[in-house]
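Residue numbers begin at 1 in each chain, while the letters A, B, ... track the order of the sequences.
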2 protein chains.
Amino acid sequence: MVDNPLDALLGYQLHRAAATMMADLAHSIEGLALTRTEASVLLLIAHNPGVTQSEIGRILAIQRANMAPIAAMLTDRGLLKRKRADGRSQGLLLNRAGMALAAELASTIAAHESKFLPDISLSDRQMLVGLLRRVWMPELP
Amino acid sequence: MVDNPLDALLGYQLHRAAATMMADLAHSIEGLALTRTEASVLLLIAHNPGVTQSEIGRILAIQRANMAPIAAMLTDRGLLKRKRADGRSQGLLLNRAGMALAAELASTIAAHESKFLPDISLSDRQMLVGLLRRVWMPELP
DNA sequence: TATTGTTATACTCTATAACTATA
DNA sequence: TATAGTTATAGAGTATAACAATA
C-alpha cells in the first residue's frame, strides 16, 4: 500500500476536490456548448444586467485580457448585447436566448452540485462553503 | 454592488480556494525550481521508495503520459534514480540530492499551509480536510 | 494619469491517441 | 489481453505586455 504524504494537506485536498467537481461540471454543461468560464460569466450577467467586462473580471478573477474573447464569443452566439455605458465601457445584457440558456444552466449546475456530499446537512454544507470562502477572502468574517 | 450568484456554490468556492492556495504554493516553491506537480511527485517518492511511475499517476491523478516528462526531468536533475523492477516497469528512488530537496520542500509546504485559515482549530481543520476528501473519494468513510 | 477594451503571446496543467515492449 | 513507459498533440485556463480610446 502506498503512503500519500499529501493526504493531510488542506491545499492537496482542495486541489483534488476542486479538480473533481470542475471536471464533472465541464462534462455536465458540455451539452450547452459552454466552458466553465463562459458559464460563470453568463450567470453573473444574468444576475447583474449592465455589468461591464472589467467588473466581471474583478469579481470572478478573470483577467481583462481573457474576458475579451469570452464576451465576443457570447455576443457572436447571440446570447448578449452590449449597451454603451460611457465612451470606454459598455454594459452587458442578456437577450432572450441568453436568459433561456442561463436558466437551463442554473438547473444543470444545481443538479451537478447535489451530486457531491449528498449526505451532509444543509448547515454543515453552508459551514463548509463559509470556510472555503475564508481561504481566499481571509479579510472577511 | 454586484451580486455573485456563484458565491453559495460548493464548486465555485472550491475553485477559488484551490486556485488561491495553488498560486501561493507555486510561488512558495519557485525558489526550489519545482512546479507543483513535480513537487508532489518528489514527496510521494520520498515516502515510497521504489514506487513506479504508473502507481504515482494513479495515486496523484496524473496521466501516465504526463508522468514521463516529469520523471525524466527529475532524473536529469540528479534527484532520483531508476531501478528496474521487471522488464517493463522501474521503481523510482531518491538519491541524496533528492532527499535533501524533499526535506526542504516539506518544510516549505508546511509554512505555506500555515498561512491559510490560521485561526481555525486543529480539529476543525481536520474536519474540513476530511470533508474535502469525501468530495473526490465519495466511497470512503 | 488611470481605466476600458482589445490583440498577441506564452506557459502550465490536463487529456487523448498511438506506439513499443513486456507480462 | 492487459500493463508500463513513451511521444506527440491539443485544449482550457491563466498571465503578461502593449496599444488605442476615453475618463
| request: Applying side-chain hydrogen bond (donor to acceptor under 3.5 Å, both in side chains), run through A:Gln13 and B:Arg134 and close with a yes or a no. | output: CA-CA 9 Å; A:Gln13 294 298 338; B:Arg134 284 171 55 193; over 6 Å; no

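Contacts between residues 81-89 of chain A and DNA chain D, defined by a heavy-atom separation under 4.0 Å, are made by A:Asp86, A:Gly87, A:Arg88. Contact check of residues 43-64 of chain A against DNA chain C (heavy atom, cut-off under 4.0 Å) returns A:Thr52, A:Gln53, A:Ser54, A:Arg58, A:Arg64.
Ion pairing between a basic and an acidic side chain is recognised when a charged N comes within 4.0 Å of a carboxylate O; B:Glu38 and B:Arg77 show no such pairing.
Atom CD of A:Glu38 and atom P of D:dA12 are 8 Å apart (whole Å). One interatomic measurement links the two molecules: CE of A:Met67 to P of D:dG13, which rounds to 13 Å at whole-angstrom precision. Summarising the geometry, the separation between CG on B:Asn66 and C1' on D:dA8 is reported as 12 Å, rounded to the nearest angstrom. For the pair B:Ile70 CD1 and C:dT12 C1', the interatomic distance rounds to 11 Å; values are reported in whole Å. Taking atom CG of residue B:Asp76 and atom P of nucleotide D:dT6, one finds them 11 Å apart after rounding to whole Å.
Closest non-hydrogen pair, A:Lys115 versus A:Ser28, comes out as NZ-OG, 4.1 Å.
Among the protein residues, B:Ala65 comes within range of the nucleic acid bases, having at least one heavy atom under 4.0 Å from a base atom.
At the phosphate of C:dT12, neither OP1 nor OP2 sits under 4.0 Å from any side-chain N or O atom of B:Thr35. Taking side-chain N and O atoms only, A:His15 has a distance below 4.0 Å to OP1 or OP2 of C:dT14.
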